[in-house]
Amino acid sequence: MVKAEAVQKSFGRLEVLKGIDLEVSPKEVLCLIGPSGSGKSTFLRCINHLEKIDGGRLSVDGELVGYQQRGDKLYELRDAEVCRKRSEIGMVFQHFNLFPHMTALENLTEAPIRVKKESRTVAVERGRKLLERVGLGEKVNAYPRQLSGGQQQRVAIARALAMEPKLMLFDEPTSALDPELVGEVLDVMRGLAEDGMTMVVVTHEMGFAREVSDNLVFMDGGVIVEAGKPREILSSPQHERTRAFLSKVL
């Protein structure tokens with residue numbers, strides 16, 4: 001579903017990604033862990049072309065992200081084409097990014113109606129079902145300011161699912177939440193994993209990474225330091241840098 005080959009990304013002179021090689025299979029849950037500034041969130045944003053890569057190749061479901069190959073050269077796609085591709089990839093951010101002037105249901109129906117040109121009837125029916133799925137069926141008419149952080153994040157997850165994506169990206173989805181609200185968001189993500197959704201998750205929740213992810217990647221300094229099965233890495237990391245990081249977070 002996701003294939004990264006020697007992906008590089010720099011911001012000015014700062015090289016943030018230094019040649020990332022990574023594959024995510026359909027229905028796989030991959031967790032990315034590592035210290036702040038290691039490149040995890042940047043890599044996630046490159047997957048849906050919110051950030052343009054400076055080198056290498058990145059494809060989703062067999063198609064290059066943001067580019068088209070002609071001969072041996074890559075050409076960037078037009079914005080409209082990039083947006084069409086991006087609509088197939090759901091993304092949930094650290095700060096919920098809900099539209100504050102819209103109800104929970106309106107947040108879910110806006111993109112399907114405007115981007116996919118769905119009928120309002122279809123979009124509303126799906127939106128109601130998704131809010132039920134994330135445990136917020138009674139909050140269809142609530143505005144973001146009337147919801148807790150955990151509820152807002154669950155609405156954000158439902159909003160991403162409303163576009164029926166083939167891939168879901170989560171950028172530290174619980175880090176902005178009060179500790180007692182973290183569980184309700186992770187429970188929704190566990191349900192998605194059980195349903196077979198392909199997910200790439202940047203997280204500091206090591207329990208979730210151990211229980212739910214199929215593979216775990218530890219990044220530091222723009223490179224993949226260690227990758228493998230989560231229980232193996234978390235219980236007996238092979239690399240000294242991984243051991244040092246885990247000793248502070250476990």
Could you list the donor-acceptor pairs under 3.5 angstrom formed between side-chain atoms of residues 200-209 and any protein atom two or more places apart in sequence or on another chain?
| residue | atom | partner | partner atom | Å |
| --- | --- | --- | --- | --- |
| Thr203 | OG1 | Glu205 | N | 2.9 |
| Glu205 | OE2 | Thr174 | OG1 | 3.4 |

State, with a plain yes or no, whether a side-chain heavy atom of [X] is found less than 4.5 Å away from one of [Y].
| X | Y | answer |
| --- | --- | --- |
| Val155 | Leu131 | yes |
| Phe245 | Ser38 | no |
| Leu169 | Val92 | no |
| Leu181 | Ser148 | yes |
| Glu88 | Pro165 | no |
| Arg126 | Leu130 | yes |
| Glu23 | Val2 | no |
| Met163 | Pro112 | yes |

Task: Glu132/Lys129 salt bridge by N-O under 4.0 Å criterion - done: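 Salt bridge between Lys129 and Glu132, a charged N being under 4.0 Å from a carboxylate O: no.
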Donor on one side chain, acceptor on other, [X] and [Y], under 3.5 Å:
| X | Y | result |
| --- | --- | --- |
| Glu51 | Thr42 | no |
| Gln69 | Arg57 | yes |
| Asn141 | Thr103 | no |

Task: From CA spacing to verdict: side chain to side chain contact (heavy atoms under 4.5 Å, CB included), Ile33, Met219 - done: CA-CA 6 Å; Ile33 64 170; Met219 288 181 64; over 6 Å; no
Open item on the list: Within this structure, what is the CG-NZ distance for the pair Asp61 and Lys85, rounded to the nearest 0.5 Å?
Closed with: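 These two atoms lie 9.5 Å from each other.
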TODO: To the nearest 0.5 angstrom, please state how far the CZ atom of Arg114 sits from the OG atom of Ser87.
DONE: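 Separation between the atoms: 15.5 Å.
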Minimum heavy-atom distance between [X] and [Y], given as atom pair plus value:
| X | Y | value |
| --- | --- | --- |
| Leu108 | Ala162 | O-CB, 3.4 Å |
| Leu98 | Pro144 | CB-CG, 3.9 Å |
| Met168 | Ile157 | CE-O, 4.2 Å |

Open item on the list: If you count heavy atoms of other groups shown closer than 6.0 angstrom to CZ of Arg120, is the number above 12?
Closed with: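 Counting other residues, nucleotides and ligands, CZ of Arg120 stays at 12 neighbours or fewer.
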Please check if [X] and [Y] belong to a single hydrophobic cluster, counting links between Ile, Leu, Val, Met, Phe, Trp and Tyr side chain heavy atoms closer than 4.5 Å.
| X | Y | result |
| --- | --- | --- |
| Phe96 | Met189 | yes |
| Phe43 | Met1 | yes |
| Leu58 | Leu30 | yes |
| Val7 | Met91 | yes |
| Leu161 | Phe170 | yes |

TODO: Please step through side chain to side chain contact (heavy atoms under 4.5 Å, CB included) for the pair Gln153 and Glu184, ending with a clear verdict.
DONE: CA-CA 9 Å; Gln153 193 61 295; Glu184 63 191 48; over 6 Å; no
Task: Tyr67 vs His49, ring-ring contact (aromatic ring centres under 6.0 Å, His included): CA-CA, chis, key distance, verdict - done: CA-CA 9 Å; Tyr67 297 91; His49 206 60; 5.4 Å; yes
Within the distance-only criterion (no hydrogens, no angle test), does the side chain of [X] pair as donor or acceptor with the backbone N or O of [Y] below 3.5 angstrom?
| X | Y | value |
| --- | --- | --- |
| Glu28 | Ser25 | yes |
| Glu110 | Asn107 | no |
| Arg154 | Val185 | no |
| Arg210 | Pro230 | no |
| Glu226 | Gln238 | yes |

- [ ] Please name the residue in the list Lys40, Arg241, His239 that meets the side-chain hydrogen bond (donor to acceptor under 3.5 Å, both in side chains) test with Asp220.
- [x]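 Running side-chain hydrogen bond (donor to acceptor under 3.5 Å, both in side chains) over Lys40, Arg241, His239 with Asp220 returns exactly one hit, Arg241.
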In residues 8-22, what donor-acceptor pairs under 3.5 Å come from side-chain atoms, sequence neighbours left out?
| residue | atom | partner | partner atom | Å |
| --- | --- | --- | --- | --- |
| Lys9 | NZ | Lys52 | O | 2.9 |
| Lys18 | NZ | Gly221 | O | 3.3 |
| Asp21 | OD1 | Ala6 | N | 2.8 |

Task: Pi-cation contact, Phe99 with Arg159 (under 6.0 Å, within 45°) - done: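 Here Arg159 passes the 6.0 Å and 45° test against Phe99.
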